[in-house]
Amino acid sequence: MIEVKDLYKSYAKGKVNALNGITFSVEDGEVFGVIGPDGAGKSSLFRILASLLLPDSGVAVMNGHDVVKDYRKVRQIIGYMPGRFSLYQDLSVEENLTFFATLFNTSIEENYHLIKDIYQQIEPFKKRRAGALSGGMKQKLALSCALIHKPEILILDEPTTGVDPVSRKEFWDMLGRLKEQGITILVSTAYMDEASRCDRIALIREGEFIASDTPQGIIDSYSGILWSVEGDRMSAMLTALRDHSAVKTSFAFGDKIHIAVADGLQAGELKQYLAKKEFSDVRIAPIKPTVEDCFMALTNE
Amino acid sequence: MSTRVIEVTDLTKKFGNFTAVDHITFDVEEGEIFGFLGANGAGKTTAMQMLCGISMPTAGAGTVAGYDIIRENELIKRNIGYMSQKFSLYEDLRVWENIRLFGGIYGLTDKVIATKTDALLERLNFREERNTMVKYLPLGWKQKLAFSVAIFHEPKIVFLDEPTGGVDPAMRRQFWEMIYEAADQGITVFVTTHYMDEAEYCNRVSIMVDGRIDALDTPAELRRQFNADSMDEVFRQLARKAKRGD
């Protein structure tokens, strides 16, 4: 279990507040996602939990061990995958893995079953230098290295940044299988669509959790009325919608526009308004929000 | 009549016996927003390096911004704009110093740079940040500035390599509004992204698989062709065919 209370962290002599009082807990075997843009404080939080950075104040306890007082113990029970590729570029795939196994007094053979599923995909290239691997393979090696000492808690800092949608899905499938083995997983991402793969999520912005719940709970607590609008000349329509007094926000969502509207506005009324501005063949439908809609609504408040 | 800002035929790049880019042929029209998609390892970066004049093709031919990819690659470099999420501005230089540096690199005179800098800071509402070190700017501001600097010398075409990775959802949309503005001014935009909703904002999209361009059309037409509800689904259908390991 991860228990975090009132964590604060600032840089540059207090000029930059990275964390402004973060409190949350993660149950054993849970996948907990911290979701928010770059610069929101995700990496600072994770580095504190990995005992690599001291908080200014507050407490963090990993499976009963305090990250400041018991940092040696914490380091034994966690696996940490930092945001930037952290392996030894000049060592081969196999050498990197052996190195991390040795640090924890174990061997690849002893814990092979833990990493088998992931490591098998890169094993054909085990003699290749880590620096010469493609992005997806580096990611699999880094995850194997973080797992080789059989951690109880896995901390993954933006494992899918810069990764294409198909590889991202594969990565989350791998995490799902690790969860089944009982590993507690704390993972951060800037991709809102990955929220649904977590048991619970926290939305982070400017060092604060602006919401924390199950993905469905976050969606259910959206209080506005949301419609999707489709038609031709989408970019011009986006501006036209913003000019309507009953439209609170208007954002592009792929081939549709999502608008939050005031109570009482009728779809027919909006269609007429758009028709006057020469938008024809407009389709309007009420929709359920996505986590991204919720994030934008919360940051707009 | 429209003019073509990119026109390439059978562009190919081999590293030893590995074909990173395999005979790609396509055109991009002036003022178009062209999305260049593909899985990691499909060959996007290599293709983009050839288009930007920093990597010589093994075979094939073409022009970018009116210059020949093989004979005039130095001229290409001078006549395009480039921005990526990984690198775009110098963090330890002030806002005006970054503009001055990139303006100078692209051969603008001090006088032109001074006039244009004032206009740019005015337009972005950045006047008070003129002397701010870039590392102290919020990420969204940095993105805006980076894009403005990339098109400061008014190139015919700007290459954007995953410009919105990790950016706040609202900022990401504001950034696309800047892209639209640039396109309206006639600047052609060539953009890579891993956000499939952003693929919808492009006029046309190409999808690379194993070094080839396996699909190229408007997002609506691609969705129709692949009988898919979203670009995400189109992408998945195509990427599944990939044979070469990532």
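Being a predicted model, the structure only gives us computed values, none of them experimental. A note on names: the letters A, B, ... follow the listed sequences, proteins ahead of strands, and every chain is numbered from 1.
In this structure the side chain of B:D168 reaches within 4.5 angstrom of the side chain of A:R205, judged on heavy atoms. Using a 4.5 Å heavy-atom cutoff, the side chains of A:M296 and B:R173 are in contact. Within the 4.5 Å cutoff, the side chain of A:L238 has heavy atoms near those of the B:E177 side chain. Proximity of B:E200 to A:M234: side-chain heavy atoms (C-beta onward) are nowhere separated by under 4.5 Å. Using a 4.5 Å heavy-atom threshold, the side chains of B:F235 and A:V166 count as touching. Inter-residue side-chain proximity for B:P169 and A:M192 is flagged as met; some heavy-atom pair is nearer than 4.5 Å. For the pair A:D38 and B:V167, the minimum side-chain heavy-atom distance is 4.5 Å or more.
Annotation: maximal heavy-atom pairing with chain B below 4.5 Å, among A:T239, A:T249, A:D193, A:V163, occurs at A:V163. Comparing B:R240, B:H194, B:M171 by heavy-atom pairs within less than 4.5 Å of chain A, the highest count is held by B:H194. Across A:P165, A:G39, A:A12, the residue that shares the most heavy-atom pairs under 4.5 angstrom with chain B is A:P165. Of the listed residues (B:A170, B:G38, B:G165, B:A39), the one with the most heavy-atom contacts under 4.5 Å to chain A is B:A39. Interface summary for chain B: among A:R242, A:Q121, A:E158, the most heavy-atom pairs under 4.5 angstrom belong to A:R242.
No more than 12 heavy atoms of other residues, nucleotides or ligands lie within 6.0 Å of NZ in B:K156, so this atom counts as exposed by the packing criterion. Surrounding CG of B:N227 are at most 12 heavy atoms belonging to other residues, nucleotides or ligands under 6.0 Å away. No more than 12 heavy-atom neighbours from other residues, nucleotides or ligands sit within 6.0 angstrom of CG on B:D229.
In terms of modelled atom types and a separation under 3.5 Å, the side chain of B:D197 and the main chain of A:F253 share no donor-acceptor contact.
For A:F295, the part lying under 4.5 angstrom from a heavy atom of chain B is the side chain only. Residue contact with chain A, scored on non-hydrogen atoms closer than 4.5 Å, is absent for B:Y136. Heavy atoms of A:S235 lying under 4.5 Å from chain B belong exclusively to its side chain. Residue A:K256: no heavy atom, backbone or side chain, is found under 4.5 Å from chain B. Of the atoms belonging to B:R172, it is side-chain heavy atoms, and not backbone ones, that fall under 4.5 Å from chain A. Proximity to chain B (any heavy atom under 4.5 Å) is shown, for A:L133, by neither the backbone nor the side chain. Neither the backbone nor the side chain of B:P219 comes within contact range of chain A, judged by heavy atoms closer than 4.5 Å. Proximity to chain A (any heavy atom under 4.5 Å) is shown, for B:E198, by neither the backbone nor the side chain.
For the atom pair NZ of A:K138 and CG of B:N40, the computed distance is 11.0 Å after rounding to the nearest 0.5 Å. Put simply, NZ on A:K169 and CZ on B:R236 are 6.5 Å apart, with the number rounded to the nearest 0.5 Å. Considering NZ of B:K44 and CG of A:D164, their distance stands at 6.5 Å, rounded to 0.5 Å.
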Item to check | Worked verdict on B:R223 versus A:D255 for side chain to side chain contact (heavy atoms under 4.5 Å, CB included) | outcome: CA-CA 11 Å; B:R223 273 187 274 119; A:D255 61 331; 3.3 Å; yes
